[in-house]
**Q** 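Mind having a look at this structure? Questions to follow.
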Amino acid sequence: MEEFELSEQCRLGNNRARKELYEHYGGRLLGVCLRYTGDRDTAQDLLHDGFIKIFSSFDKFTWRGEGSLRAWMERVMVNTALQYLRKSDVISQSTPLEEVPEDYEEPDASAVEMIPQAVLMRFIEELPAGYRTVFNLYTFEEKSHKEIAQLLGINEKSSASQLFRAKSVLAKRVKEWIMNNG
């Protein structure tokens, strides 16, 4: 089914369309949940919670052209993950990292491109929850520090600090990987 027809059939409660939607987008949306949780079991729980929200909220979806269904579902999944993280209070439980430098040097972009995407995503998943959440919102969702602060109930400086630390940790991991595999 085309995206528009799929969305209309899901809106009407067609279970075959819902199954197709789940099978078509489930892997991608699980990846979104994994980016925020770093834990496969929790990500799968959030995926199922998110799909329940999606299936019960199709009346709120507005078709805006090809890709709008996927974008809407990704937004639902991000919000589901953020709701879980706020409820679990993992954002405020930032893990201290002793070896985070005051400044860091970003790795060469061409060197980063040679690292498999799965490896980079694993590095992101392994970040402490607060760093990972801010990094995801800033990098993938393109939110400002002001928006991140509002979403997470933290101040803007904390958002900026957690992003800096996330980038520092990732830069160190990338350099190590390049030294060992490059």
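As a basis for the values below, the full set of heavy atoms in this structure was taken, side chains included, without hydrogen atoms, waters or symmetry mates. Keep in mind that what you see is a predicted model, and the values were worked out from it rather than measured.
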**Q** What residues form a ring-ring contact (aromatic ring centres under 6.0 Å, His included) with Phe51, not counting sequence neighbours?
**A** Tyr22, Phe55

**Q** Would you mind checking if Lys19 and Glu23 are paired as a salt bridge, meaning a charged N to carboxylate O distance below 4.0 Å?
**A**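 Result for this pair is yes, salt bridge flagged.
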
**Q** Does any pair with a residue in residues 54-73 pass side-chain hydrogen bond (donor to acceptor under 3.5 Å, both in side chains), and if so which ones, sequence neighbours excluded?
**A** Arg70-Glu74

**Q** Would you compute the distance between atom CD of Glu176 and atom CZ of Phe123 and round it to the nearest 0.5 angstrom?
**A**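 Going from CD on Glu176 over to CZ on Phe123, the span is 8.0 Å.
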
**Q** Starting at CG of Leu127, measure out to CZ of Arg173 and round the result to the nearest 0.5 Å.
**A** 8.5 Å

**Q** Between atom CG of Leu21 and atom CZ of Phe58, what is the distance when rounded to the nearest 0.5 Å?
**A** 5.0 Å

**Q** With clusters defined by side-chain heavy atoms of hydrophobic residues (ILVMFWY) lying less than 4.5 Å apart, directly or transitively, does Leu69 cluster with Ile52?
**A**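 No: no chain of side-chain contacts under 4.5 Å links Ile52 to Leu69.
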
**Q** Using a 4.5 Å cut-off on heavy atoms from C-beta on, say whether the side chain of Met77 contacts that of Ile54.
**A**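 Yes, close enough: below the 4.5 Å cut-off.
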
**Q** Kindly give the heavy-atom pair with the smallest separation between Leu151 and Arg86, and that separation in Å.
**A**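 Closest pair (atom of Leu151, atom of Arg86, distance): O-NH1, 2.6 Å.
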
**Q** Supply the atom-to-atom distance Asp49 CG to Gln83 CD, rounded to the nearest 0.5 angstrom.
**A**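 Here the interatomic distance stands at 8.5 Å.
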
**Q** Of the options His145, Glu147, Gln150, Lys146, which is the one that meets Ser159 in a side chain to side chain donor-acceptor pair (under 3.5 Å)?
**A**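 Testing each of His145, Glu147, Gln150, Lys146 against Ser159, the sole residue satisfying side chain to side chain donor-acceptor pair (under 3.5 Å) is His145.
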
**Q** May I ask you to test the Leu120-Val174 pair for a side-chain heavy-atom distance under 4.5 Å?
**A** yes

**Q** Considering only heavy atoms from C-beta outward, does the side chain of Leu163 approach that of Ile148 to under 4.5 Å?
**A** no

**Q** Quick one: does Thr133's side chain have a donor or acceptor within less than 3.5 Å of a partner on Gly130's backbone?
**A** no

**Q** What residues form a salt bridge (charged side-chain N to carboxylate O under 4.0 Å, His left out) with Lys53, not counting sequence neighbours?
**A**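 Residues passing salt bridge (charged side-chain N to carboxylate O under 4.0 Å, His left out) with Lys53: none at all.
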
**Q** Rounded to the nearest 0.5 Å, what's the gap from CD on Gln9 to CG on Asn14? Could you check?
**A** 4.5 Å

**Q** Would you kindly confirm whether Val119 and Phe135 end up in one hydrophobic cluster when ILVMFWY residues are joined by side chain heavy atoms under 4.5 Å apart?
**A** yes

**Q** Can you find a heavy atom in the side chain of Val78 that is under 4.5 Å from one in the side chain of Leu137?
**A**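 Sidechains of Leu137 and Val78: in contact.
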
**Q** Any non-hydrogen side-chain atom of Leu34 less than 4.5 Å from a side-chain atom of Met121?
**A** no

**Q** Which residue pairs satisfy the side-chain hydrogen bond (donor to acceptor under 3.5 Å, both in side chains) criterion with at least one member in residues 116-125, sequence neighbours excluded?
**A** Arg122-Glu126

**Q** Is there any side-chain hydrogen bond (donor to acceptor under 3.5 Å, both in side chains) pair reaching into residues 30-40, and which pairs are they, with sequence neighbours excluded?
**A** Arg35-Asn136, Arg35-Glu141, Tyr36-Glu141, Asp39-Thr42

**Q** If I compare all heavy atoms of Lys157 with all of Asn155, which pair ends up nearest, and what's the gap?
**A** N-OD1, 3.1 Å

**Q** With sequence neighbours left out, write down each residue that passes salt bridge (charged side-chain N to carboxylate O under 4.0 Å, His left out) with Glu8, or none if nothing qualifies.
**A**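 Per chain and number, Glu8 pairs via salt bridge (charged side-chain N to carboxylate O under 4.0 Å, His left out) with Arg11.
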
**Q** For the atom pair SG (Cys33) and CZ (Arg28), what is the distance rounded to the nearest 0.5 Å?
**A** 12.5 Å

**Q** Can a side-chain donor-acceptor contact be found between Tyr25 and Glu3 if the only test is distance below 3.5 angstrom?
**A**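 On atom types as modelled, these side chains qualify, holding a pair under 3.5 Å.
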
